[in-house]
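The structure under discussion appears below in the form of structure tokens.
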There are 2 protein chains.
Amino acid sequence: MTQNIINTIIEQISADGHRLTRQKRLVIESIAAHPHEHMSVENIYNYTQIHSTDISLTTVYRVVKFLTDNNILRKLNIYNDNNYYELIQADANMPHPHFICQQCGKIFDLDLNDILPQINKCQQHISKNYNFKIESSTIFYYGIGPDCRKPRLYK
Amino acid sequence: MTQNIINTIIEQISADGHRLTRQKRLVIESIAAHPHEHMSVENIYNYTQIHSTDISLTTVYRVVKFLTDNNILRKLNIYNDNNYYELIQADANMPHPHFICQQCGKIFDLDLNDILPQINKCQQHISKNYNFKIESSTIFYYGIGPDCRKPRLYK
DNA sequence: TTATGTGCAAACCGTTTGCAGGTGA
DNA sequence: TCACCTGCAAACGGTTTGCACATAA
């Protein structure tokens, strides 16, 4: 599973004629090992250090930029000023909202298959009424997540 | 109109027991004079300088933070790494999406009264299925805006 | 009068860059 | 071989902070 992700990315890189270095491989492995996390550059760097110190923070920045430019990673824009990245998988073109818990900071991916019709209706409305050509969207909901919603003490 | 906005904000500030200084007034006037723009701290600073040089960039940062903490401004999170701010008006609790033109960088406010039912349905779905308490949301669409969509040369 | 606000310069911190040396294809 | 990649240290740019002075209430 994780290995599949790694292989796919590596194939994509060489197919595009880019070099596969030790450092790129390290970053890719670190990201693919945590496919459902949203990681900052520093997070990724820390993961790489577990397996090898043979990579610098500068290079992680460069590889992350490389992966983002090549549509393997996507940069999220969350209001806490840190930049987070996530893997772009097969569902790349699906609207893909996130929920951020304001208490613990955890980021959740939302699967919106059930309400795709509503989402699409919104996009169509906007395209039509404003004459916009929509290429992508980022949707963040902020609030309190399930882990931080305290159970009632009595009912 | 603009004066209304200014008065409302000033009232709110003194009602909350905060001091009203020359500098705060300058920032508020600069923002209120352009109620439909999304401005960076530097933009705001530049507007203040038109009317008076009696304010520093540092103070603009501090006043913007003050206004944000007091729910007069809202910070937007757009992927181009600059922080932009907008006035929170009476419609504060309405979902309030934006569209960003990737060509010219212009930011558009979207009025979604017509499709509020769809929007609300999405939020309800998320709250229910994931057990989230949603407090706010930021929705950005990226693409090409009407000004940058070239007219066809022939049809 | 005095708690707060302000200006300046310096610190901060995430990110980028120049350069000399290393390495994948 | 050689174009591209990497590490280091230094630069960068937006933002914050410490401190002495100024000012609204």
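Below, chains carry the letters A, B, ... as their sequence lines are ordered, and counting in each starts from 1.
- For the 3.5 Å distance criterion, the side chains of B:H38 and B:N43 fail to qualify, holding no donor opposite an acceptor.
- In this structure, NZ of A:K75 is placed 12 Å from C1' of C:dT16, rounded to the nearest angstrom.
- If you measure from atom CZ of A:R25 to atom P of C:dA25, you get 9 Å, rounded to the nearest angstrom.
- In this structure, A:N82 atom CG and C:dC13 atom C1' are separated by 11 Å, rounded to whole Å.
- If you find the closest nucleotide of DNA chain C to A:E42 and to A:L20, the one lying nearer the 5' end belongs to A:E42.
- For B:N83 and D:dT15, the shortest distance from a side-chain N or O to OP1 or OP2 is below 4.0 Å.
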For residues 4-13 of chain B, which side-chain donor-acceptor pairs fall under 3.5 Å, sequence neighbours excluded?
{"unit_1": "B:N7", "atom_1": "OD1", "unit_2": "B:Q3", "atom_2": "NE2", "d": "3.3"}
{"unit_1": "B:N7", "atom_1": "ND2", "unit_2": "B:Q3", "atom_2": "O", "d": "3.3"}
{"unit_1": "B:T8", "atom_1": "OG1", "unit_2": "B:N4", "atom_2": "O", "d": "2.7"}
{"unit_1": "B:Q12", "atom_1": "NE2", "unit_2": "B:N70", "atom_2": "O", "d": "3.3"}

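- Looking at B:Y141, B:Y142, B:F108, B:F140 one by one, the single match for ring-ring contact (aromatic ring centres under 6.0 Å, His included) with A:F132 turns out to be B:F108.
- With no hydrogens or angles considered, no side-chain donor-acceptor pair links A:E42 and A:Y47 at under 3.5 Å.
- With values rounded to the nearest 0.5 angstrom, A:R25 atom CZ is found 13.0 Å from A:S52 atom OG.
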Original post:
Going 5' to 3' along nucleotides 5-11 of chain D, which nucleotides have protein heavy atoms under 4.0 Å from the base (write B), which only from the sugar-phosphate (write S), and which from neither (write -)?
Top reply: SSBBB--
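- Straight-line distance from the OH atom of B:Y45 to the C1' atom of C:dC8: 12 Å, rounded to whole Å.
- Heavy-atom distances under 4.0 Å link DNA chain D to no residue of residues 3-15 of chain B.
- The nearest whole Å value for the distance from the OH atom in A:Y85 to the P atom in C:dG14 is 13 Å.
- With hydrogens and angles disregarded, a donor-acceptor distance shorter than 3.5 Å links the side chain of B:S30 to the backbone of B:L26.
- Between the OG1 atom of A:T68 and the CG atom of A:L73 there is a distance of 5.0 Å, given to the nearest 0.5 Å.
- Whole-Å rounding puts the B:Y61 OH to C:dG5 C1' distance at 19 Å.
- One can place CD1 of B:I44 at 14 Å from C1' of D:dG14, the figure rounded to the nearest angstrom.
- For the pair B:K75 and B:Y84, the cation-pi criterion (under 6.0 Å, within 45° of the ring axis) is not fulfilled.
- A straight line from CE of B:M39 to P of D:dG14 spans 17 Å, rounded to a whole angstrom.
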